[in-house]
Amino acid sequence: MTGGLKGLLLLSLCLVVWTVPIDRNQDPPQEEKADENVDTGLYYDRYLREVIEVLETDPHFREKLQTANTDDIKNGRLSKELDLVGHHVRTRLDELKRQEVSRLRMLLKAKLDSTNTQSVQMDHASLLKQFEHLDPHNQNTFEAKDLELLIATATKDLENYDAERHEEFKRYEMLKEHERREYLKSLDQEKREKEEKRIEELKEKHRQHPKVNAPGSVDQLREVWKETDGLDPQEFNPKTFFKLHDTNGDGVLDEQELEALFTKELEKVYDPKNEEDDMMEMEEERLRMREHVMQNVDINHDRLVSLEEFLKSTEKREFNSPKEWETLDDTKPVYTEEELLRFEAELRDKEVELGRRAEKLRQEQELLKERSKALEAQKREYQQAVMEMSQKQKEQQAQNRQPPSGPNGELQFQQEIQKLANEDSQVVKVPVEQNGEVQNNLPAEPPQNLPQHT
């Protein structure tokens, strides 16, 4: 992906690809695929990636991205360049949009089904308006407005993404505490005291870890230089370090490249093999470290660290004399007791609602069973009635001495009667010899024109 698009449009979309400058005197460079393992967390992540990949295949659009700035992208001027891309690119974009509209329709249907919403005729155009990353009024073709909406929505959503991650982690911690309290309530006093003691021992064991260097400090970077890069910490060079960890060579450190620098520090505190270490907490710690570095280094707040910004940060006093990093265990809880009480009230309301739905489903199941039994009884009654009617017909035929009827109502004769009838129809009359004369055994015809005796 070009530096313009990487640094301006998808500054934090995690689409880690190589920057390829355009040179008209050389053969077209080979495309580098995005890292499919990195997810932006957006519900339209796949659609976003595929649109960007298709746009990058067009030389004209790619060149415009190379020289675009933030204002060109955010105010929609770049979107107007869509009218100049090749026909095959537009065709592919149209297909991607139709696929996305179809996917959103399925999501809407599933949502309506889950809420038992009855709709005789679903108005997809109106329902699609709640999705802001495409134009719902045109569901068949990808236009400049679609690209403009996609850029604006992704930018807005990603600005709130970190806040949503913090909120998700808070809910996770409250649920964990709620389950802990409920479990302790279920125990008798002796077992409860024993379990509380065990939990405190695990917490204390978790706190016993080596010193964690402040992220972005000289001590932290030198440790990466030594442990990860295998270089002498006394020869630490910020510019060389930057180039080593700009893994995709685009001239900036994005959020994923920064978070990769904190792995060694996190391993001091968290081990997936230890019962006392929570991996969800580790990811929250990683997010806190990245936010700390961005706050101190990212001067223009574009969620990227340029070489110039990185070198300037090494000149600050905090870089060489930082405070020791405070982990989640050293800070106050991420929630208050009042927030926990509200969360538990929400859980109780949800349990009541789930219970109500479960009871409704049970009643519906019982009703279906009753209907099934009624249908089975009707089936047996019908079969019995058919058998009785058949028996009555046989008895009536026997009384009338009528030959039994076949399956289609035709009469059935005895085989002997039918055989005799066939033989009679095949009789052949032959002459018989008497007194040396051949006598015809056919009946004699009455004489004709005999003389009358007077």
Side-chain angles (χ1 to χ4, degrees), residues 39 41 111 114-116 160-215 220 259 262-292 322-366:
D39 194 335
K111 182 178 179 180
S114 66
T115 56
N116 295 324
N160 301 324
Y161 184 55
D162 287 348
E164 291 175 358
R165 285 181 61 182
H166 286 307
E167 185 63 26
E168 182 181 352
F169 176 73
K170 179 194 288 188
R171 295 181 67 84
Y172 168 78
E173 288 289 288
M174 289 191 293
L175 178 61
K176 190 166 65 172
E177 176 62 16
H178 168 73
E179 291 178 344
R180 185 189 73 84
R181 293 183 182 186
E182 292 298 314
Y183 175 66
L184 291 176
K185 288 180 183 178
S186 67
L187 304 177
D188 58 40
Q189 183 175 357
E190 181 180 354
K191 291 182 178 180
R192 182 165 56 252
E193 292 176 354
K194 184 177 179 180
E195 180 64 16
E196 288 176 342
K197 181 180 179 181
R198 187 186 74 86
I199 292 174
E200 288 301 320
E201 289 175 350
L202 288 175
K203 288 182 178 179
E204 184 60 30
K205 183 179 178 181
H206 175 69
R207 295 190 189 99
Q208 303 303 318
H209 55 73
K211 173 187 174 182
V212 179
N213 296 312
Q220 189 258 320
E259 290 184 357
F262 312 141
T263 300
K264 287 295 178 182
E265 299 302 321
L266 293 170
E267 288 177 349
K268 297 176 181 179
V269 186
Y270 300 96
D271 185 343
K273 298 179 182 178
N274 296 337
E275 180 184 2
E276 68 273 11
D277 298 336
D278 190 331
M279 294 300 103
M280 287 288 289
E281 292 182 1
M282 183 186 75
E283 292 307 316
E284 176 70 8
E285 196 78 72
R286 191 191 302 273
L287 175 58
R288 292 178 65 241
M289 289 181 170
R290 191 248 294 164
E291 289 178 330
H292 173 80
K323 297 180 180 180
E324 184 175 351
W325 178 253
E326 293 184 348
T327 64
L328 285 170
D329 299 318
D330 303 323
T331 60
K332 62 181 181 180
V334 295
Y335 57 86
T336 64
E337 187 66 22
E338 291 76 12
E339 288 176 324
L340 178 59
L341 292 176
R342 287 198 298 270
F343 177 75
E344 290 180 327
E346 291 176 8
L347 289 180
R348 288 192 294 270
D349 291 342
K350 289 181 179 179
E351 288 178 359
V352 171
E353 177 63 19
L354 288 175
R356 185 188 65 79
R357 291 186 180 184
E359 177 61 21
K360 184 178 179 181
L361 289 174
R362 187 192 65 78
Q363 293 176 357
E364 291 177 352
Q365 186 178 19
E366 291 296 326

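Residues Leu340 and Glu344 have side chains in contact (heavy-atom distance under 4.5 Å, counting atoms from C-beta outward). At least one side-chain heavy atom of Glu193 sits under 4.5 Å from a side-chain heavy atom of Gln189. Residues Arg171 and Glu168 have side chains not in contact (no heavy-atom distance under 4.5 Å, counting atoms from C-beta outward). Using a 4.5 Å cut-off on side-chain heavy atoms (C-beta onward), Asp277 and Met282 make no contact.
In this structure, Lys268 places its NZ atom where more than 12 heavy-atom neighbours from other residues, nucleotides or ligands lie under 6.0 Å away.
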**Item:** Intermediate values then yes/no, side-chain contact (heavy atoms from CB on, under 4.5 Å), Leu287 and His166
**Value:** CA-CA 9 Å; Leu287 175 58; His166 286 307; 3.4 Å; yes

**Prompt:** Step by step, would you call Val212 with Met289 a side-chain contact (heavy atoms from CB on, under 4.5 Å)?
**Reply:** CA-CA 11 Å; Val212 179; Met289 289 181 170; 4.0 Å; yes

**Asked** Does the pair Glu200 and Glu196 meet the rule for a side-chain contact (heavy atoms from CB on, under 4.5 Å), with working shown?
**Response** CA-CA 6 Å; Glu200 288 301 320; Glu196 288 176 342; 5.7 Å; no

**Request:** Please step through side-chain contact (heavy atoms from CB on, under 4.5 Å) for the pair Glu284 and Tyr172, ending with a clear verdict.
**Result:** CA-CA 11 Å; Glu284 176 70 8; Tyr172 168 78; over 6 Å; no

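Checking side-chain atoms of Arg286 against main-chain N and O of Glu259 turns up a donor-acceptor pair under 3.5 Å. When atom types are taken as modelled, the side chain of Glu324 and the backbone of Lys211 share no donor-acceptor pair closer than 3.5 angstrom.
When every heavy atom of Leu184 is checked against every heavy atom of Arg192, the shortest pair comes out as O-CD, 3.3 Å. Taking every heavy atom of both residues into account, Met174 and Glu339 meet most closely at SD-O, 3.6 Å.
For Asp271, the side-chain hydrogen bond (donor to acceptor under 3.5 Å, both in side chains) criterion is met by no residue, not counting sequence neighbours.
A distance of 5.0 Å separates CZ in Phe169 from CG in Leu328, rounded to the nearest 0.5 Å. To the nearest 0.5 Å, atom CG of residue Leu347 and atom CD of residue Glu179 are 9.0 Å apart.
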